[in-house]
Visitor: 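Sharing a structure here in structure tokens format.
Order of the sequence lines fixes the chain letters, A, B, ..., with proteins taken first and strands second; residue numbering starts at 1 for each chain.
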Number of protein chains: 2
Amino acid sequence: MLQYPTSKPDYHVALSLSLVLLGFNGKNIEVLLAKSINPEYEGQLFLPSQNLLTNEDFTAVAANMFSRLFGYNPEVLEQLKAFGNVSRARGGRVVNIAHYALVKTSDFKAEEWSKHGMHWCNIEKVPELAFDHNDIINFARERWERRVRRRPVGFDMLPPEFTIGQLIKLYEKALNIKIDKRNFRKKVFKTKLLEELGRKADGKSFGQQKGSQLFSFNKKAYDKMKGSEYPFQF
Amino acid sequence: MLQYPTSKPDYHVALSLSLVLLGFNGKNIEVLLAKSINPEYEGQLFLPSQNLLTNEDFTAVAANMFSRLFGYNPEVLEQLKAFGNVSRARGGRVVNIAHYALVKTSDFKAEEWSKHGMHWCNIEKVPELAFDHNDIINFARERWERRVRRRPVGFDMLPPEFTIGQLIKLYEKALNIKIDKRNFRKKVFKTKLLEELGRKADGKSFGQQKGSQLFSFNKKAYDKMKGSEYPFQF
DNA sequence: TCAAAAGTGTTGGGGGTACACCCATGC
DNA sequence: GCATGGGTGTACCCCCAACACTTTTGA
């Protein structure tokens, strides 16, 4: 029956929650994976995940996981969807409420977490993961590719100071296209989203090239245009 | 811990599933609602929903609900996300795996279902619904508005034969804009997605105007361009 | 007869794309 | 000195937006 509620709820399902954390290291799009230290699953690769207690909030748990990994609260953290069409675990049905966020890989607290088996993995080369975590990553990736076309994802994925070259590489990887430098500059400068810092990169990290101009995102300009139309389209 | 699985799953959650069915009646965007005939909830309005048994598949249940309401299997039926951050019912936690589909209102088996309290409701005028079903509709609507810009949703929401006027009204309602007839025609004819039927409307149903040309969607052309870029943007 | 919708072309401007060379840096 | 990336301007083309009148139909 499509009358709700008629049949009684069947309270025998468990919830888990996984995070797909997408970052950019200057060369490739990376996703954070965990290697199990639980002997029962020795060496198995997973997305960072946890089981939920019956009364735990999705958003709160996801934000908490994020902040333990990065040290601050996420700006954007979205639910992807619920995964769990198949029987996913032995003891009963577990439905995974998958979430994703865009992150700066440089902010990951690697010292603290690498000893727990957490590490970045090129999204092009993700090995077989436990349960349906490969499906979850693929789903996140598709959603992210759509998002890239409509939002300035560099806000979230690039370090606070970055070069145009990094930004171009990010879009090239994301959309799997070749970008014309000159046209890209015209387009992006027209948006007023970039702020020229008047300093030059020293050429160390995350694909920066020494000597090239540094920029930061102008958050005020971005907030002002939120809700209205986005001024570019790749 | 972010090692998965460490803590044990907590098997005390129930699942339900709601459908947001969006249609177009020639004037307005409509959503299908159910009025409870259960005395405990007398007169309460809901989305068409049902509780899931622990071993039931999301997709299978959603498709089955759809086909009972429309008499055939859905072409596009997507999960929105899992709703259930708050305690939603008295007996325990119920997580709603909400889905949505675009439908032809004319295909709804109204004779059969209206006596069960099912009816179309203008999406601009949805009253207060039970649980968080208003949130679910709003979420569906936002997703749909993005979809409208990128896919020819008329395929799913218009009757097999329709007029350009209907198509324009659909887009005007969806995007809340005024559309220029001439420019719209140029744009849409360039896509080759419409097939001219060489017949004229008799002016009865769903906003058709007598005397105007009838068109149908060219499914072959649509399938061929699937996966590649969509040739229009509203 | 009046109101509402169908149908039909042209023009101008803006934005996108294509394209080549010189300079700075690191190896 | 060689390879890699940074930085710069122009020309063309296409697409989009703006815009008005006549005809048909139903009320």
Visitor: Mind calculating the distance between NZ (K178(B)) and C1' (dA5(C)) to the nearest angstrom?
Guide: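 After rounding, the gap between these two atoms is 10 Å.
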Visitor: Quickly work out the R149(A) CZ to dG16(C) C1' distance and round it to whole Å.
Guide: 16 Å
Visitor: Taking R68(A) first and then E112(A), would you say they form a salt bridge - that is, a charged N and a carboxylate O separated by under 4.0 Å?
Guide: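 No, no charged N to carboxylate O under 4.0 Å.
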Visitor: Between R185(B) and dG7(C), is there a side-chain N or O to OP1/OP2 distance below 4.0 Å?
Guide: yes
Visitor: Look at all strands and tell whether K190(A) reaches a base, only sugar-phosphate, or nothing, counting heavy atoms closer than 4.0 Å.
Guide: sugar-phosphate
Visitor: Would you indicate which nucleotide in dG26(D), dG7(C), dA20(D) comes nearest to any side-chain atom of R182(B)?
Guide: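 Within the option list, the nearest is dA20(D).
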Visitor: Does T163(B) or K186(B) map to a spot on DNA chain C nearer the 5' end, using the closest nucleotide for each?
Guide: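 Checking each residue's closest nucleotide, the 5'-ward one belongs to T163(B).
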Visitor: Check whether any side-chain nitrogen or oxygen of K210(B) sits under 4.0 Å from OP1 or OP2 of dG26(D), and answer yes or no.
Guide: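 Looking at the OP1 and OP2 atoms of dG26(D), one of them is under 4.0 Å from a side-chain N or O of K210(B).
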Visitor: Using whole Å, what does the distance between atom C1' of nucleotide dA5(C) and atom CZ of F184(B) come to?
Guide: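 It is 15 Å, rounded to the nearest whole Å.
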Visitor: Please determine if K200(B) and E161(B) form a salt bridge, counting it only when a charged side-chain N lies under 4.0 Å from a carboxylate O.
Guide: no
Visitor: Would you kindly give the NZ-to-P distance between K169(A) and dT4(D), to the nearest whole Å?
Guide: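 These atoms are roughly 13 Å apart.
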Visitor: Parallel, tilted or perpendicular for F139(B) and F83(B), by the 30°/60° rule?
Guide: perpendicular
Visitor: Rounding to an integer number of Å, can you tell me how far F189(A) CZ sits from dT8(D) C1'?
Guide: 11 Å
Visitor: What's the closest nucleotide to the side chain of Q209(A) if the choices are dA18(C), dG6(D), dC19(D)?
Guide: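 The nucleotide sitting nearest to the side chain is dG6(D).
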Visitor: Does this structure show an ion pair linking E124(B) with R141(B), if we count only N-O contacts that are shorter than 4.0 Å?
Guide: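 Yes, this pair counts.
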Visitor: Under 4.0 Å between a side-chain nitrogen and a carboxylate oxygen: does that hold for K173(B) and E30(B)?
Guide: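 No salt bridge links K173(B) with E30(B).
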Visitor: Without decimals, in angstroms, what is the distance between I179(A) CD1 and dG16(C) C1'?
Guide: 14 Å
Visitor: Expressed in angstrom and rounded to an integer, what is the separation of D180(A) atom CG from dG9(D) atom C1'?
Guide: 12 Å
Visitor: Rounded to the Å, how far apart are K200(B) NZ and dT25(D) C1'?
Guide: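 Answer to the nearest Å: 12 Å.
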Visitor: Relative to the 5' end of DNA chain D, which residue comes earlier, S212(A) or N183(A), by the nucleotide with the nearest heavy atom?
Guide: S212(A)
